[in-house]
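To start, the structure under review is shown below, and the notes come after it.
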Amino acid sequence: MHQIQLHNTLSGKVEPFAPLRPGHVGMYTCGPTVYDYAHIGNYRTFVFQDILRRFLKLRGLKLNHVMNLTDVDDRIIANAAAAGVGIREYTEKFVQAFFADCRTLSIESPEHWIRATDHIDDMVVLIRKLQENTYTYASEGSIYYRITKFRDYGKLSKVDLSGIQAGARVDNDRYEKESARDFALWKAPKPGEHFWETPIGVGRPGWHIECSAMAMKYLGETLDIHTGGIDLAFPHHENEIAQSEAATGKQFVRYWLHAEHLLVEGEKMSKSLGNFFTLRDLFAKGYKPSALRFALASVPYRRQLNFTFDGLQQATSSVERLRNFTARLKNEKFPAGNQPGMAERVKNAADEFDAGLSDDLNTAQALAAVFDFVREANTVMDKGEFRQGDVAAAAEFLGNFDKVFAVLEDNDGEKLKVIGFGGGDAGLGDAEIEKLVAERQAARARRDFAASDRVRKELLDRGIILEDTKDGKVRWKRK
RNA sequence: GGCGCGGUACCCAAGUGGUAAGGGAGAGGUCUGCAAAACCUUUAUGCGUGGGUUCGAUUCCCACCCGCGCCUCCA
């Protein structure tokens, strides 16, 4: 096993990773703001943190991973008001959609899913602490954080406060602030807005306070890992540091990991460009959840990922190749014994796989190790030299691969049902397929290839692929 | 302007101071009744451009060009 190395935004370097408490990792991920369906760019980041958590677990670390759902912010308040419902009611639909999306992408549930609006009290406690420590000031019913008081401000995103002037690009806002970069911890309610009555006043929390309060509640004052999209580094994560460290005097996060953004056909994804996709958009076009997960996971997280439909098709083929091998390993009968050298090949592949992921989650390198092995093993099988005794080790390697990548199981149809799509196999049951396969076999036996090919074509049109094996049997699978 | 990613074959993409992983796609072949799957061969004397350092650079240094992100809500 290789030393795990992770890129820390704080230092700007790839560093050896060691949790504060040996064997246990406390990790926080900024989840979605549930004002709408999440898009594939969001899921690039969520798949990244999923790969990270799965890899840490594979390496035997115990995880305590917290992901929040931001269910109160300006957009939610505005949208809920427009829809004439409460914010809880408004957000619930998108929370459920997000959970369903995560299931289709095989994103594991973190140990804790938490909502901002369930933690108002914790935020209030934290704000009071900041008041005690004199990092705040009140203005027109709101409470602001005075960033000049926090010496380390800017250490994460490397922003230079001296160079920032309030002016053209810095909105002085509708609130009264001492300095343009000061941010709201607590916002006075505007007429008609949803508000909470608390010891620090009537209103609602600012955007950043929820993550500081909840992260420390569940993970303690110092977390091992905090992840999010690169755009969150500033100001969100910078402000989280300011809030948390000003309250505790301790380092808030030891390793900050940020995923680069996804582009679509080389351009920023945006609704105005018409290149904005949710998972539902892609599944409606017939792409599989596993293909999307593979496409999102195969490009290392610190590299911008250029999403294209061609790329998604390529991912589909890659997953297919891996699944074909998995099926072959499982279904083919090999002679007893062991093939000399196979154990060594598995060991090398596993080592290279681990080396890739250990090196700041180099998924491309890890995948290369898997594909190399698949080719080698296929070759040995084709030569008839693979042995039954080799199956377990090969299967274990693939199993470990899939504990991280989670694309091998052929369950895309079921996943699509979770999200409300019928799936591609439209009604053809196993029995019916077997019956047609038997018909075709009979035709082949009497060398009536026209009839045989007709059946094969019919099945193909209905999403079933047939493969004739060497021993005269037929294997079928759903497209 | 400041900070940060990146420019490697038709597409995606790894990588190293010593002569270019892997996947997809294409072409040819093996196998097959034919396919499919799988395997084999093949597709970058070349890694944005121009200099420099070096015995040797895609890899280090300098300059420049191009794409993208953040600096304002944003994964």
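In what follows, chains are A, B, ... by sequence order, proteins preceding strands, each numbered from 1.
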Using only side-chain N and O atoms of [X], determine if any of them is under 4.0 Å from OP1 or OP2 of [N].
X        : N      : answer
A/Asn362 : B/rG15 : yes
A/Asn324 : B/rA37 : no
A/Ser452 : B/rC34 : no
A/Arg321 : B/rA38 : yes

Base, sugar-phosphate, or nothing for [X], non-hydrogen atoms under 4.0 angstrom?
X        : value
A/Pro32  : nothing
A/Asp453 : base
A/His39  : base
A/Leu305 : nothing
A/Leu460 : nothing
A/Ala364 : base
A/Phe449 : base

Quick one: does any side-chain atom of A/Asp182 pair with a main-chain N or O of A/Ile147 as donor and acceptor, under 3.5 Å?
yes
base_contact_polar (B/rC39 base, A/Arg375 side chain, donor-acceptor, <3.5 Å)
no
In residues 439-448 of chain A, which ones come under 4.0 Å of RNA chain B, going by heavy atoms?
A/Arg440, A/Arg444, A/Arg447
Does the side chain of A/Leu460 come within less than 4.5 Å of A/Ile465's, by heavy atoms?
yes
Once base and sugar-phosphate atoms are separated, protein heavy atoms under 4.0 Å mark nucleotides 2-11 of chain B, 5' to 3', with B, S and - as -S-SSS---B
Could you work out which one of B/rA13, B/rA75, B/rG33 sits closest to the side chain of A/Arg456?
B/rG33
